[in-house]
Structures are given as C-alpha cells and as structure tokens.
2 protein chains.
Amino acid sequence: MARVAATERRASLVQAALTVIARDGVHAATTRAIVAEADMSLASFHYAFTSRDELIREVISFVVDDQHRVSLATLENVPADAETPGSGIRSAVRAALQAYFDLLVEFPEREQAMFELIHYSLRTPELGKLPQVQHGSYRHMAVELLEAGAATLDISWTRPVEEVARVLVALTDGLTLAWLADRDDAAAGHLMDFIADSIAALAVPAKVLHS
Amino acid sequence: MARVAATERRASLVQAALTVIARDGVHAATTRAIVAEADMSLASFHYAFTSRDELIREVISFVVDDQHRVSLATLENVPADAETPGSGIRSAVRAALQAYFDLLVEFPEREQAMFELIHYSLRTPELGKLPQVQHGSYRHMAVELLEAGAATLDISWTRPVEEVARVLVALTDGLTLAWLADRDDAAAGHLMDFIADSIAALAVPAKVLHS
DNA sequence: GTCTATAATGAGATAGAC
DNA sequence: GTCTATCTCATTATAGAC
C-alpha cells in the first residue's frame, strides 16, 4: 500500500472509527473493525496510534471540534429566518429545532454515537474533563445560536443566555433520546412545539430593556 | 456451596450485574465480573442463564419493573405537598424534581447505568421493543405523577397528560445528562426552576374547565 | 446442583521481514 | 512505512468429575 503520512492515517482512522461507532456502537469499534473500515492493516493502526484508547480520545476531540464547526455553519442560516421583532423568536426556535430533528431522523446513528461517546468518556477517568468539554461545546453552540437569534430578531433574554442555552441543550438531549427510543415523530413534534413556546417565553422585545 | 434454587440464583446475578454496571459500566459487566460480585462460580452462572445476553435482558426487564415500583412509591408522597389550588403545582413540581435530583446526586452511577442500558438495548436488535418499553415506563411514571398532582392540587392540564409527561421525561433526561457531564449543581437548580415554571404553565385551575 | 478445568473465540499489541 | 504472522490475555461457553 502507498506510503501515507502518519497524520493522514490518523485522520482516516478517526473517520473510520466514527463510521463504525455510528453503525455498530462504541463496543463494536474494535481495532480490527476500524482498520477493516479504513481498509488498512492492523500494524498500520499501531503505527499511527499507540493504543485504541488514544484513538478513541482523538475521536472524541474531533467530535467536539466538529460540533463547533457545525455550530458556526448553522449560524449562517439564522438571519434568513428573521421575522417581526419579538414574536418571531418562537417560530425561529421552532424552525431551528425542526432542522435539527430532520437531521436526527436522517442520521439517527450519528446522534446515538454522540450519546455513547459521552457515556464512554464518563466511564474513562483518563479522559479527564472531556465529558465537560463535549457537553460544554453543545452549550456554547446553543449560546451562539441564541445570541444570534436575539440580535436578528431584536429581542432580549430574560435570563442569562448561558442559562437559556442549558435549557435548550437539555431539551434537545431529551428530545433526541425520546425519539431514539420510540421513534414517535408526532410526539417529537409536540415536544418541539412545547420547547419553542417555553424558550420564547424567556424572550422579551429588546426595546423593553431600553426604556 | 449451598444448593440454591435457580430462580434465586438468577435474582442474585441480576442484582450483582446491576451493581457492576453501576460501578464500572455496561462494558465492564462481564460474566466473570458479575459472578465475582455475586460470589458465585462461572459454572453456576451458566446453570442459571444460558448466555450473558439473556442475563442482560433480564437486567433490563428488572429495571423497567423496578421503575414502576418506584413510581408507585413516589405517589405516596404527592398528597403531602398539597397547597393552594392552582398555584401549588409549580412548587409541587419543583419539589418532586428536587427529590429526584437529590437521588441523582446521591447515586449518580445508578442513573448513568440506566442510560447505558438504554443505549445497549438500542444496539441490540434481539431485545426488540425493550427500549420503547423502558422509555415508556418512564413516561407512564410521569403520567401517574402528573395525574395524581392534578387531582391533589385541583388543577387540569391544558395539554393531553401524555404530552406533558413526555415533556417532563425529556427535561429530566436532559437535566440528568447535563449534570452527569458537568456536575454543576447550581446550573441544575436553575434548570429545575425553569422546568417547574414551564410545566406549571401547562396547568390551569380545574374549576376553569367546570365553568 | 456445583465445582474445576478447558475449549473456542476474539481482543489489543508486537516482532521482524521487506 | 508497511506488511504477515504471532503473542498474550480476557472473554463466553462447555465438559465432565463429584
């Protein structure tokens, strides 16, 4: 096989690991399954990584970074949803949730893998603060979305934006887990309606704070 | 070792498995670890169960049943929180959440194990509809609590109780996952405040519907 | 019914030729 | 740098004595 730089091999293996984890779960992501997915030899694996654990650590780091990238990309679309100040926030939140939900329905394995990676890192002390970091990146993403939405729709949050973000993340996690468990689209829709109402209840027209 | 009925052995092994899963995670719950915890020989394990998978299935079934039992026990305490009709629902919800949260803080491994078991069953097709059942039992528990609360506090839900229950479960799952990830007690408190407000917003005094 | 011993498999990691 | 072959260990499961 062609000679490839170690950094490229590492990237390929991380991608392959993510594919395997999404398809078969974390427990099935053995070194053998991963190298098979990457079409690579077992020895090449241990040339690029000293251990399986080192790979998994890199997978989680990659996922965290990736979420941040996705977050920024999503922001591009927020202004397009702009409507009348104040009242628009409810439908903007609802639309953003629907966009997320559509992705979830299209790639359920991906979100399932995220959960499994969180639980894996919670069970792996050597991973240190990665669970906090991973979860924190979700909240950071939510903060950016909420601030962008507030700026675009000319509203203010009645609670600290970090707090609203935590609510949004918790609700999204709950929505995701519930749908993964029972695949009830209609119920998920009702839940998203509720989330949109509840989040919108934390917004007031920005001018209120200016008076 | 004394001769023990197979059904007792099965029960002991299920308990031991739960202990191991809570302490070290599902992936660490090998037959060896479980029989060590149960102080039993490996052969006894295979006398009681034909396979490890059969045990895990029984563990999940047990957990589902157990949740139902806990749910009924919790109901006993609801009337004690009764206050003035209508306005009391917010503090009743908040108190119930706090009670759950206190349990979570005291036994975090237990809730973590519940998550891991859900994801395990989602990855195990042979387990069939168990994930739905497990998640459904959470919602059932929520329904009973909400109905008992409504009766005691003389309020009605403005949405179908199943829908409110789904919201409550989703929020609780999100609360749990967030706290497991970052152990931020203060943030969890704010989240519970929000949940209580949002759920209470779905309640109206019962007499409104009688007029 | 319970035990010890062992088969059978699959895992992570390494040696050494090329 | 990459390969094949192998080591070592842990796992599930079973056989057969008691």
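To find a chain, count down the sequence lines: A is the first, B the second, and so on, and within it residues start at 1.
In this structure, A/Ser44 does not reach the D/dT2 phosphate: none of its side-chain N or O atoms is under 4.0 Å from OP1 or OP2. An OP1 or OP2 oxygen of C/dT2 is reached within less than 4.0 angstrom by a side-chain nitrogen or oxygen of B/Arg9. For the pair B/Ser41 and C/dC3, the criterion of a side-chain N or O lying under 4.0 Å from OP1 or OP2 is met.
With respect to B/Asp197 and A/Arg159, no salt bridge is recorded, no charged nitrogen being found less than 4.0 Å from a carboxylate O.
Sequence neighbours left out, the pairs with a member in residues 108-129 of chain B that pass ring pair (Phe, Tyr, Trp, His ring centres under 6.0 Å) are A/Phe115-B/His119, A/His119-B/Phe115, A/His119-B/His119.
Look at NE2 on B/His27: it is 16 Å from C1' on C/dG10, rounded to the nearest Å. What separates CZ of A/Arg10 from P of D/dG1 is a distance of 14 Å, to the nearest Å. What separates CZ of B/Phe49 from P of C/dG1 is a distance of 15 Å, to the nearest Å. Whole-Å rounding puts the A/Leu55 CG to C/dA11 P distance at 15 Å. One interatomic measurement links the two molecules: CD1 of A/Ile34 to P of C/dG10, which rounds to 17 Å at whole-angstrom precision.
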Throw together a table of side-chain donor-acceptor distances under 3.5 angstrom for residues 129-137 of chain B, partners on residues two or more places apart or in other chains.
| residue | atom | partner | partner atom | Å |
| --- | --- | --- | --- | --- |
| B/His135 | ND1 | B/Arg139 | NH1 | 2.9 |
| B/Ser137 | OG | B/Gln67 | OE1 | 3.0 |
| B/Ser137 | OG | B/Gln134 | O | 3.0 |

Under 3.5 Å, sequence neighbours excluded: what are the donor-acceptor pairs made by side chains of residues 21-31 of chain A?
| residue | atom | partner | partner atom | Å |
| --- | --- | --- | --- | --- |
| A/Arg23 | NH1 | A/Glu37 | OE1 | 3.0 |
| A/Arg23 | NH2 | A/Glu37 | OE1 | 3.4 |
| A/Thr30 | OG1 | A/Ala33 | N | 3.1 |

- [ ] Would you give a per-nucleotide map of nucleotides 12-18 of chain C, 5' to 3', where B means the base has a protein non-hydrogen atom under 4.0 Å away, S means only the sugar-phosphate does, and - means neither?
- [x] BBB----
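Residues forming a side-chain contact (heavy atoms from CB on, under 4.5 Å) with B/Phe107 (at least two apart in sequence, or on another chain): B/Leu103, B/Glu109, B/Arg110. By the side-chain contact (heavy atoms from CB on, under 4.5 Å) test, A/Asp185 pairs with A/Phe101, A/Trp179, sequence neighbours left out.
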